[in-house]
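In what follows, a structure is listed as structure tokens, so that the remarks can point back to it.
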Amino acid sequence: MKKVAGIIFAVLVLACKGKQEKQGEVDADPMAGAEKEVPPPSTNEWTVLFDGSSFDGWHIYNGGAVGAPWKLEDGAMIFDPSLDESDGKHFNLVTDTEYTSFELSLEWMVNEGANSGVMWGVVEDEKYGEPYVTGPEIQVLDNIGHPDGKNGPTRQAGALYDMIPTDSTVVKPVGEWNHFVLTINHKTNEGSVILNDNTVAEFPVHGDAWNEMVSKSKFADWEHFGKFKTGKIALQHHGEPIVIGYRNIKIKEL
């Protein structure tokens, strides 16, 4: 009887030991039974630069608050030449904030004969006078009604002005809204323009390849042009007494 009891006891001890070893293997995983760590949300979120209700976040280049001849209408910022009593002054808009690498999404519209542009890397200083002295421009244009449209695809809507040509076939007629996405990424040295869901221009944004492009353009002898990685976004008032408009403007820093 004692011999049988001893055998039973030994079996129980071995069973318990096996269970403990198995439990020990499970416990060796520090994440076992615990909630998995959730990665933090991405910080690369869109920031609204213009929501259609105010000019908050914008001002006149080398000037003050935005006012006439710019106005708010149907959720858009509109340049209205009938409100211009300045006798030739330019009313370029610039962001209050500076940016380096980003995606910029907006819609633009021009009337017949209009000329405007979207610039980046713009440095605001009285010594420069105009945003285009420092900031490269993506052309916004009536390709048919403005004379610059006849100067080839590097001067037409969607082009990196005077450097990289565009595809003019994707531009909508005057009076209709075009959707535009500009990407400037100094981390990867890549820039691109998407116009109405079509990639119409791709280019480097700094370095030897950038400098070579500039050297072959009208900006070759401009000391400060395209030299600043960080700067403001500008919406150009070119001077023509023509309606231009922008809306749904947002930016994502990269």
Side-chain angles (χ1 to χ4, degrees), residues 43-44 46-50 55-66 77 89-106 108 115-141 154-155 157-166 180-194 200-239 246 249-254:
T43 57
N44 295 336
W46 290 101
T47 298
V48 174
L49 290 182
F50 175 68
F55 287 107
D56 289 350
W58 297 84
H59 61 275
I60 301 295
Y61 182 82
N62 285 337
V66 182
M77 53 172 71
K89 179 181 176 181
H90 288 181
F91 294 91
N92 303 287
L93 302 186
V94 291
T95 55
D96 295 345
T97 303
E98 295 185 333
Y99 301 95
T100 304
S101 295
F102 59 86
E103 289 181 31
L104 176 71
S105 173
L106 57 79
W108 60 262
N115 185 350
S116 184
V118 179
M119 302 175 193
W120 77 93
V122 171
V123 176
E124 191 170 19
D125 194 299
E126 291 289 346
K127 68 183 180 182
Y128 296 132
E130 294 283 344
Y132 59 73
V133 175
T134 55
E137 175 189 355
I138 306 301
Q139 180 77 298
V140 170
L141 192 77
T154 63
R155 300 289 187 93
L160 173 56
Y161 187 78
D162 208 46
M163 289 188 279
I164 297 295
T166 184
F180 164 102
V181 178
L182 168 65
T183 299
I184 300 296
N185 193 334
H186 282 286
K187 298 175 183 177
T188 61
N189 197 17
E190 295 175 309
S192 67
V193 178
I194 298 174
V200 296
E202 295 179 295
F203 47 89
V205 292
H206 64 254
D208 292 342
W210 170 264
N211 294 335
E212 183 178 358
M213 286 195 312
V214 174
S215 72
K216 297 176 180 178
S217 74
K218 65 178 286 185
F219 310 108
D221 298 324
W222 292 32
E223 180 182 0
H224 303 288
F225 177 82
K227 294 294 196 297
F228 301 95
K229 290 184 178 181
T230 299
K232 297 179 179 181
I233 307 296
L235 305 178
Q236 185 186 40
H237 166 222
H238 194 265
Y246 293 93
I249 308 175
K250 60 183 180 179
I251 196 166
K252 179 192 295 184
E253 296 191 71
L254 302 176

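All values below were derived from every heavy atom in this structure, side-chain atoms included, with hydrogens, water molecules and symmetry-related copies excluded.
Here Thr183 contributes atom OG1 and Ile194 contributes atom CD1; the two are 6.0 Å apart, rounded to the nearest 0.5 Å.
With contacts defined as side-chain heavy-atom distances shorter than 4.5 Å, the pair Glu124/Val94 qualifies. His59 is listed as a side-chain neighbour of Lys232, based on a closest heavy-atom distance under 4.5 Å. Side-chain contact between Leu235 and Tyr61 is absent, with no heavy atoms from C-beta onward closer than 4.5 Å. Residues Ile233 and Leu104 meet the side-chain proximity criterion, which asks for heavy atoms closer than 4.5 Å.
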message: Is there a side-chain contact (heavy atoms from CB on, under 4.5 Å) between Thr95 and Trp58? Walk through the geometry before answering.
response: CA-CA 5 Å; Thr95 55; Trp58 297 84; 3.6 Å; yes
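Scanning all heavy atoms of the two residues, the minimum distance from Thr154 to Pro165 falls at CG2-N, 3.8 Å. Summarising the geometry of Glu137 relative to Gln139, their closest heavy-atom pair is OE2-OE1, 3.0 Å, with the distance given to 0.1 Å. When every heavy atom of Tyr132 is checked against every heavy atom of Gln236, the shortest pair comes out as CD2-NE2, 3.8 Å. The minimum heavy-atom distance between Tyr246 and Ser116, with the atom names listed, is OH-OG, 2.7 Å. The two residues Thr134 and Val122 make their nearest non-hydrogen contact at OG1-CA, 3.6 Å. Contact between Phe91 and His237 at its shortest, heavy atoms only, is N-ND1, 2.8 Å.
Under the rule for a ring-ring contact (aromatic ring centres under 6.0 Å, His included), the partners of Tyr128 that lie at least two apart in sequence or sit in another chain are His224.
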